[in-house]
Visitor: 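This is the structure I have questions about; it appears just below.
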Amino acid sequence: MSQSRIDRFFTVRSGETLSDELEDQSTEPTKEDEPDKLSRISNTMYPDPAKLSRTCDDALKITVHTVENNREWAKTFEFKSIPEYGTKRQFSNDWLEKYEWLRYSVSENSVYCTPCLLFRSASSKEKTFISTPVSKWSNLGKYIKRHVEDGSSHHSCCARADSFMKIVKGKQKSITAQLSKSHADTVARNRHVLRSIIEVIILCGRQNIPLRSHDDSNSNFMVLLNDKATRDEILKSHLASNAKVTYTSPEIQNELITLCGEHIGNKIVKQCNDAVCYSFLADEATDASTMEQIAMCVRYYSESENDVREDFVGFIQAKSTTGEALFNKFIEGQRNVGLDITKMRGQGYDGASNMSGCHRGVQARVQQLVPQAMYVHCKDHSLNLSIVHACKEVLVRNLLDTVQQIGFAFKYSAKRLLAFQEELGNDPVAREEMNKRTRLQSLCETRWASRADSLYTFKAAYTTIVNALEVLEREGDSKARS
């Protein structure tokens, strides 16, 4: 993702220039602030110094001044020999070990002083090892001695190069950052405010409550944020200010939610890819907007948690539900989130022909791509089908209807519920079996787990139900009598 408004808020406020923003990268050295450039320079040869100039970009300067690059490359390189004074001479790797500022040019078979080449002042008149590289190996020692001892600018350039590398690695603040304490304070303040906003959004997500309402000023998000501000002077000052940008708008909320989702998704994908293998689970359903939506999950063993995990990795929309179309969506969805498909060893779907077909179903197409991915009919779907068929039996259907009617009778009448609770209070055995529940559980047509809860409470409180119905019958309740 390109730099978002959230990223910019960490480092810049209105009135600051982009150069100030970039300068701030070194104001607070942390592991998170270390430039990505440093990770790109390992195991690479430094650029040819003959093709560099004072105006080259920072990435090249970092690569050139990484001593390990210089040494590792030179160990395996065969330097070219040239005739000098009747004998052949060539550059030795020992010079690079002894003088860290030396860099060898392959194209010119000569050496340069890269600190002087890249960090000299515009008015510098020094030419040796800069505009005039040294290629006479018999006189190299003399040239080096003259450059180091007589060239006063060499030490200044080395100091500049050393400071540059320390700033890039986060070990030292830049001059601008050191002189601009107010800028550093602003950055710290902005980060504190944004961290508080993110914490409120995460809290709403964990509690499964909406952030916004019809009136944004009285939304859950703003109420919780204002409550947090009563204990946080920095946040309170920020919300009370007349700043044009407070980073509490719905657009920013959505952006933060997206970033949090990406962070969680990336963590799940990394854990899954670190595992030896994983199983892919998917099912499609029509959402409230009448769009065909597919939920994708992965099941894998996490060594860090020493447990088997089953995590949701995302939704994808399907315009068609044919085996070929769903197969393409499944594979595309896994690749988009970064899963290593070659580690797939299992796949679980329902038993529909487009999913389980042995020739053109999704599972058959996946096995053509990953032969080790064994298909298993989802056990939850199998259980669901078993319950559906069992409930078609007359005896079971009548039983569930009776349980449902009695549950509704006690649930929607205060008088009956009170009679049930009084009888439950007089029955210690039923009260213990109910496990602190004080009412019956009603059935749900679509949530099969609720049927188990309903039957459990009905069985546990059976004697209480009978006694309560008898009491209600004597009091003239016709429904209790029926």
Side-chain angles (χ1 to χ4, degrees), residues 203-210 213-214 220 223 281 283-290 293 295 297 307-308 310 312 348-352 376-482:
L203 174 62
C204 291
R206 283 177 175 167
Q207 296 304 113
N208 197 26
I209 57 178
S213 64
H214 296 294
N220 293 329
V223 169
L281 310 174
D283 192 19
E284 76 275 4
T286 304
D287 62 13
S289 61
T290 324
Q293 187 171 249
C297 299
D307 194 13
V308 175
E310 188 171 306
F312 168 76
Y349 322 114
D350 58 27
V376 177
H377 186 181
C378 176
K379 299 304 181 184
D380 286 338
H381 283 90
S382 299
L383 176 61
N384 182 38
L385 292 173
S386 300
I387 295 174
V388 169
H389 288 295
C391 290
K392 292 180 181 179
E393 293 293 328
V394 176
L395 182 63
V396 177
R397 185 173 69 246
N398 292 340
L399 168 66
L400 292 177
D401 285 343
T402 302
V403 171
Q404 181 75 311
Q405 290 297 324
I406 293 175
F408 283 158
F410 283 106
K411 182 176 182 179
Y412 295 109
S413 171
K415 179 182 177 181
R416 297 191 193 106
L417 179 60
L418 181 60
F420 173 81
Q421 291 175 342
E422 287 177 352
E423 291 298 325
L424 184 62
N426 297 327
D427 191 342
V429 176
R431 190 167 60 249
E432 183 178 354
E433 288 290 327
M434 288 285 284
N435 193 21
K436 297 183 179 180
R437 295 172 180 169
T438 59
R439 60 182 66 195
L440 298 174
Q441 299 294 315
S442 59
L443 293 171
C444 176
E445 293 297 327
T446 57
R447 296 182 62 187
W448 295 99
S450 73
R451 298 188 176 229
D453 290 338
S454 179
L455 291 173
Y456 173 80
T457 56
F458 188 89
K459 180 176 179 297
Y462 181 75
T463 56
T464 301
I465 294 171
V466 172
N467 293 335
L469 289 174
E470 289 176 348
V471 171
L472 291 168
E473 180 187 8
R474 289 194 296 269
E475 294 177 356
D477 190 324
S478 60
K479 192 165 188 177
R481 183 181 302 112
S482 65

Visitor: Do Thr438 and Phe420 make a side-chain contact, defined as non-hydrogen atoms from C-beta onward lying under 4.5 Å apart?
Guide: no

Visitor: Within a strict 4.5 Å, meaning less than it, do heavy atoms of the Tyr349 and Asp283 side chains meet?
Guide: no

Visitor: Surrounding CD of Glu310 (heavy atoms of other residues, nucleotides or ligands, distance under 6.0 Å), is the total greater than 12?
Guide: yes

Visitor: Would you check if Phe410 and Leu469 make a side-chain contact, meaning some heavy-atom pair closer than 4.5 Å?
Guide: yes

Visitor: Taking salt bridge (charged side-chain N to carboxylate O under 4.0 Å, His left out) as the test, write out the residues that go with Arg416, two or more places apart.
Guide: Asp477

Visitor: Taking the side chain as every heavy atom from C-beta outward, state whether Asn220 and Pro210 have any atom pair closer than 4.5 Å.
Guide: yes

Visitor: Residues in ring pair (Phe, Tyr, Trp, His ring centres under 6.0 Å) with Tyr456, at least two apart?
Guide: none

Visitor: Between Lys392 and Arg397, which heavy-atom pair has the shortest distance, and what is it?
Guide: O-NH1, 3.1 Å

Visitor: Go through the structure and list residues passing salt bridge (charged side-chain N to carboxylate O under 4.0 Å, His left out) with Glu422, not counting sequence neighbours.
Guide: none

Visitor: Using only atom types and a distance under 3.5 Å, with no angle test, would you say the side chain of Thr402 pairs donor to acceptor with the backbone of Asn398?
Guide: yes

Visitor: Can you give me the closest heavy-atom contact between Cys297 and Phe312, atom names plus distance?
Guide: SG-CA, 4.0 Å

Visitor: Using atom types as modelled and distance alone, determine if a side-chain donor or acceptor of Asn467 lies under 3.5 Å from a backbone N or O of Thr463.
Guide: yes

Visitor: Which heavy atom of Ile465 sits nearest to which heavy atom of Phe458, and what is that distance?
Guide: CD1-CD1, 3.6 Å

Visitor: Find out whether Leu417 and Lys411 are in side-chain contact, i.e. whether some heavy atom of one side chain is under 4.5 Å from a heavy atom of the other.
Guide: no

Visitor: Measure the CD-CD distance between Glu470 and Glu423 for me, rounded to the nearest 0.5 Å.
Guide: 9.0 Å

Visitor: Hey, could you give me the CD/CG distance between Glu433 and Asp427, rounded to the nearest 0.5 Å?
Guide: 10.0 Å

Visitor: Which heavy atom in Leu440 sits nearest to a heavy atom in Thr457, and how many Å separate them?
Guide: CD2-O, 3.8 Å

Visitor: Check whether any side-chain heavy atom of Leu400 lies under 4.5 Å from a side-chain heavy atom of Leu455, and answer yes or no.
Guide: yes

Visitor: Counting N and O atoms only, with roles assigned by atom type, does the side chain of His377 sit under 3.5 Å from a partner on the main chain of Asp350, one being a donor and the other an acceptor?
Guide: no

Visitor: In Å and rounded to the nearest 0.5 Å, what is the CD to OG distance from Gln404 to Ser454?
Guide: 6.5 Å

Visitor: Determine the minimum heavy-atom distance between Ala430 and Ala461, stating which atoms define it.
Guide: CB-CA, 4.4 Å

Visitor: Can you establish whether the number of heavy atoms outside Tyr462 located under 6.0 Å from its atom OH is more than 12?
Guide: no

Visitor: Just checking Arg439: does its CZ atom have more than 12 heavy atoms from other residues, nucleotides or ligands closer to it than 6.0 angstrom?
Guide: no

Visitor: Mind listing the closest non-hydrogen atom pair of Ala480 and Leu472 along with its distance?
Guide: CB-CB, 3.6 Å

